[in-house]
Amino acid sequence: MTKRLYSVIAAALVVSAFAGGCGRSASQTEATEGATSAAGKTARDLVPEAVRKTGELRMATSEGYPPMEMYKKGTQQLIGVDPDLAAAIAAKLGLKPTVTNAAFDGLIPGLQAGRWDVVMSSMSDTEERRAAVDFVDYFNAGGAIMVKKGNPEGVKTLEGLCGRTVVLAKGSSNLAIGQRQDEKCAKKMQIMQSEDAPTGLLSIDSGRAVATIVDSPVAAMYAKETGKYDVLSEQYDAGPWGIAVDRRNSGLRDAVAKAMEELLADGGYKAILDRYGVVSNAVPEVMVNTKPWK
């Protein structure tokens, strides 16, 4: 999650993504060509006609990872970096934003089925996911180990989790981090899987697990707000998070990338990250599938 790993991708898409062999992917070549064709146009100019006719930018997310996506206290209103940035992008596109909360492992299937236009849910831009989607990257972060306040078990590193019980969010790249480490452990971990980070933290509270791995900005916020946890300083698998767009919708991808370019230029992007205290995680330029858009 958040660095959550979409682990089940249709076999046909996987084949099409990797059949080209080495070198730049076709998706990245198309993205670069899209940037060239967008020169001199605004984000609003680039919106595909099919999307323009709806008047909406339908964004899906999976709530539960503050400050990225969360409910406003006492309400069912989704706020955070992802919903706020989606609203700013929609404004650049001349569209009304709508936000849907869904299970994380259903986000990409829903995107491919046309239930929404983009996914923004602290989703890592990974090669596996690029079999199904293109990413407009907007954030950089990695996974960090969280333990009970005072670190009573003395966990210091990822290697220090060997032989211990840890809880990791199912379907997440943080789960993948733990599993890769477990393969190296002489004494194996006991890995529990939770639905999300908050549920995993309950296992630490109850003493059922000694640690979890959560995306660094999310971990820092939970630790600060609750006062119940410590976050170790090292980050693992740090990399970009992206706005996912179906690979078949390159026109919308380019419109979103152009909107991001406009938000970087006018300060709107930085203002949103400042609002949630994560400006250090900003991307310096518009990136598509981890590469500069231009």
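Residue indices begin at 1 and follow the sequence shown. The structure presented is a predicted model; accordingly, all values stated were derived computationally and were not measured.
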Can a donor-acceptor pair be found between the side chains of Tyr276 and Asp84 at a distance below 3.5 Å? yes

Hits for side chain to side chain donor-acceptor pair (under 3.5 Å) against Gln235, two or more places apart or cross-chain, chain-then-number order -> Ser216

query: So do Phe139 and Met68 actually touch side chain to side chain, heavy atoms under 4.5 Å?
result: yes

Subject >> Test item: Tyr65 side-chain N/O and Ser121 main-chain N/O as donor-acceptor pair under 3.5 Å >> reply: no

Within the distance-only criterion (no hydrogens, no angle test), does the side chain of Tyr269 pair as donor or acceptor with the backbone N or O of Tyr138 below 3.5 angstrom? yes

Would you say that Lys258 contacts Trp293 through its side chain, given a criterion of any heavy-atom pair below 4.5 Å between the two side chains?
yes

Arg275 atom CZ: more than 12 heavy-atom contacts under 6.0 Å: yes

Next on the checklist: Does Lys188 have more than 12 heavy atoms from other residues, nucleotides or ligands lying within 6.0 Å of its NZ?
Outcome noted: yes

Hydrophobic cluster membership, Val147 vs Ile177, 4.5 Å side-chain cutoff: yes

With side-chain contact (heavy atoms from CB on, under 4.5 Å) as the test, would you mind laying out the steps for Asp182 and Ile191 before giving the verdict?
CA-CA 9 Å; Asp182 192 43; Ile191 298 178; 4.2 Å; yes

Looking only at heavy atoms, the pair that brings Asn140 and Val283 closest together is ND2-CG1, 3.6 Å

Practice task
Apply side-chain contact (heavy atoms from CB on, under 4.5 Å) to the pair Lys72 and Thr75, showing each step before the final yes or no.
Solution key: CA-CA 5 Å; Lys72 186 175 182 180; Thr75 76; 3.2 Å; yes

Val245 side chain reached by Phe135 side chain, heavy atoms, under 4.5 Å: no

Nearest heavy-atom contact between Ala209 and Met192 is CB-SD, 4.3 Å

Rounding to 0.5 Å, atoms CD (Glu127) and CG (Asp125) come to a distance of 10.0 Å

So CD of Gln193 and OG of Ser172: to nearest 0.5 Å the spacing works out to 8.0 Å

ask   = Linking I/L/V/M/F/W/Y whenever their side-chain heavy atoms sit closer than 4.5 Å, directly or via other members, would Met287 and Val133 fall into one cluster?
value = no

**Prompt:** With a 3.5 Å cut-off and no angle check, do the side chains of Asn289 and Asp134 form a donor-acceptor pair?
**Reply:** yes

Distance-only donor-acceptor pairs under 3.5 Å for side chains of residues 88-104, two or more places apart:
residue : atom : partner : partner atom : Å
Lys92   : NZ   : Asp266  : OD2          : 2.5
Asn101  : OD1  : Glu63   : N            : 2.7
Asn101  : ND2  : Tyr71   : OH           : 3.2

Does the side chain of Tyr229 come under 3.5 Å of the side chain of Asp205 through a donor N or O and an acceptor N or O? yes

TODO: Measure from the side-chain N and O atoms of Asp274 to the backbone N and O of Ala271, and report whether any donor-acceptor pair falls under 3.5 Å.
DONE: no

Quick one: does Gln112's side chain get under 4.5 Å of Ile108's, heavy atoms only?
yes

Interatomic distance, CD@Glu195 vs OG@Ser62, rounded to 0.5 Å, equals 9.5 Å

Tightest non-hydrogen contact, residues Met221 and Pro66, listed as SD-CB, 3.4 Å

request  = Determine whether Leu85 and Val136 fall in the same hydrophobic cluster, where Ile, Leu, Val, Met, Phe, Trp and Tyr are linked whenever their side-chain heavy atoms lie under 4.5 Å apart.
outcome  = yes

Would a hydrophobic clustering, with Ile, Leu, Val, Met, Phe, Trp and Tyr connected at side-chain separations under 4.5 Å, put Val231 with Val167? yes

One should read off an interatomic distance between Lys228 NZ and Met146 CE, to the nearest 0.5 angstrom, of 10.0 Å

query: Does the side-chain contact (heavy atoms from CB on, under 4.5 Å) test come out yes or no for Thr290 and Asp137, once each step is laid out?
result: CA-CA 7 Å; Thr290 76; Asp137 299 326; 4.2 Å; yes

same_hphob_cluster(Trp241, Val279) at 4.5 Å side-chain heavy-atom cutoff: yes

TODO: Take atom CD of Gln190 as the centre, draw a 6.0 Å sphere, and report whether it contains more than 12 heavy atoms from other residues, nucleotides or ligands.
DONE: no

- Within the side chain of Arg253, is there an N or O that forms a donor-acceptor pair under 3.5 Å with the backbone of Val288? no

- request: May I ask you to check whether Thr157 and Glu159 show a side-chain donor-acceptor distance below 3.5 Å?
  value: yes

Here the pair of heavy atoms bringing Val81 nearest to Ile272 is O-CG2, 4.1 Å

Lys/Arg N to Asp/Glu carboxylate O, Arg180 vs Asp237, below 4.0 Å
yes

Rounding to 0.5 Å, atoms CE (Met189) and SG (Cys162) come to a distance of 5.0 Å

Do Val118 and Leu57 come within less than 4.5 Å of each other through their side chains, counting heavy atoms only?
yes

| request: Would you indicate whether the side-chain heavy atoms of Ile204 and Thr212 approach each other to under 4.5 Å? | output: yes

Between Glu56 and Asp117 the two heavy atoms that sit nearest each other are O-OD2, 3.6 Å

- Are the side chains of Asn249 and Pro48 in touch, meaning some heavy atoms are under 4.5 Å apart? yes

Residue pairs meeting ring-ring contact (aromatic ring centres under 6.0 Å, His included), one or both in residues 161-207, sequence neighbours left out, come to none

Charged N to carboxylate O below 4.0 Å: is that the case for Glu49 and Arg52?
yes

### Message
Can a donor-acceptor pair be found, under 3.5 Å and without considering hydrogens, that links the side chain of Trp116 to the backbone of Thr61?
### Response
no

What one should report as the nearest heavy-atom pair of Met120 and Ala86 is SD-CB, 3.7 Å

One should read off an interatomic distance between Ile243 CD1 and Asp82 CG, to the nearest 0.5 angstrom, of 8.0 Å

Worksheet entry | Heavy-atom side-chain contact between Pro67 and Val278 under 4.5 Å | yes

- prompt: Does the pair Met70 and Ile79 meet the rule for a side-chain contact (heavy atoms from CB on, under 4.5 Å), with working shown?
  reply: CA-CA 6 Å; Met70 55 195 169; Ile79 60 170; 3.8 Å; yes

